[in-house]
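Quick caveat: nothing in here was measured; it's all calculated off a predicted structure. Any value given below was found using the heavy atoms of this structure, including those in side chains, with hydrogens, waters and symmetry copies removed.
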Amino acid sequence: MKDRILRLCKRLNKFTLDEISTIADDVEGSVLELLLITFVQEGKLTLRNDLYFYNKQKSVNKKY
């Protein structure tokens with residue numbers, strides 16, 4: 001479920017809690033909010049003025 005919500009965040013790119021809870025209606029609101037807080041702490045999302053932004057993960061190219 002965690003991976004599914006993160007993919008949804010990536011597709012939306014920027015969203016509010018109300019918007020994502022409408023789309024992911026099968027997930028309870030408190031669980032969804034806890035997941036979003038976890039993603040913010042992990043650096044996968046940024047929260048500004050009740051608006052969540054997806055942080056693109058930079059891939060590391062190893063050149064020898």
Side-chain angles (χ1 to χ4, degrees):
M1 177 177 66
K2 186 176 178 180
D3 293 332
R4 186 174 68 94
I5 298 298
L6 187 60
R7 280 187 307 210
L8 179 60
C9 294
K10 183 178 180 180
R11 286 187 193 128
L12 292 173
N13 196 26
K14 73 178 178 183
F15 55 91
T16 63
L17 180 60
D18 292 335
E19 292 171 343
I20 198 167
S21 63
T22 303
I23 296 169
D25 59 351
D26 59 333
V27 180
E28 190 175 325
S30 59
V31 174
L32 185 61
E33 189 173 3
L34 184 62
L35 275 173
L36 294 178
I37 291 170
T38 304
F39 291 148
V40 169
Q41 290 175 347
E42 291 175 354
K44 296 177 180 176
L45 294 178
T46 303
L47 176 63
R48 276 188 252 145
N49 298 331
D50 295 331
L51 193 63
Y52 290 91
F53 296 91
Y54 180 77
N55 294 331
K56 295 180 181 176
Q57 306 297 321
K58 295 183 179 181
S59 61
V60 178
N61 291 334
K62 294 182 180 179
K63 294 185 178 180
Y64 294 93

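- Across Cys9 and Tyr54, no two heavy atoms sit closer than the pair O-CB, 3.8 Å.
- Side-chain contact between Arg4 and Asp26 is present, with at least one heavy-atom pair separated by less than 4.5 Å.
- Phe53 and Leu6 end up in different hydrophobic clusters when Ile, Leu, Val, Met, Phe, Trp and Tyr side chains are linked at under 4.5 Å.
- One distance of note links OH of Tyr52 with OG1 of Thr46; it measures 11.0 Å at 0.5 Å rounding.
- For CG of Asp50, the number of neighbouring non-hydrogen atoms (other residues, nucleotides, ligands) closer than 6.0 Å is 12 at most.
- Listed by first then second residue, pairs satisfying side chain to side chain donor-acceptor pair (under 3.5 Å) with a partner in residues 7-24 number zero, not counting sequence neighbours.
- Connection of Leu17 to Leu51 is not established within any shared hydrophobic cluster, with ILVMFWY side chains joined at heavy-atom distances below 4.5 Å, either directly or through further cluster members.
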Sequence neighbours excluded and cut-off under 3.5 Å, please list the side-chain donor-acceptor pairs for residues 30-41, or say none.
residue : atom : partner : partner atom : Å
Ser30   : OG   : Glu28   : OE2          : 3.2
Thr38   : OG1  : Leu34   : O            : 2.8

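- The side chain to side chain contact (heavy atoms under 4.5 Å, CB included) test applied to Leu8 returns Leu12, Ile20, Ile23, Ala24, not counting sequence neighbours.
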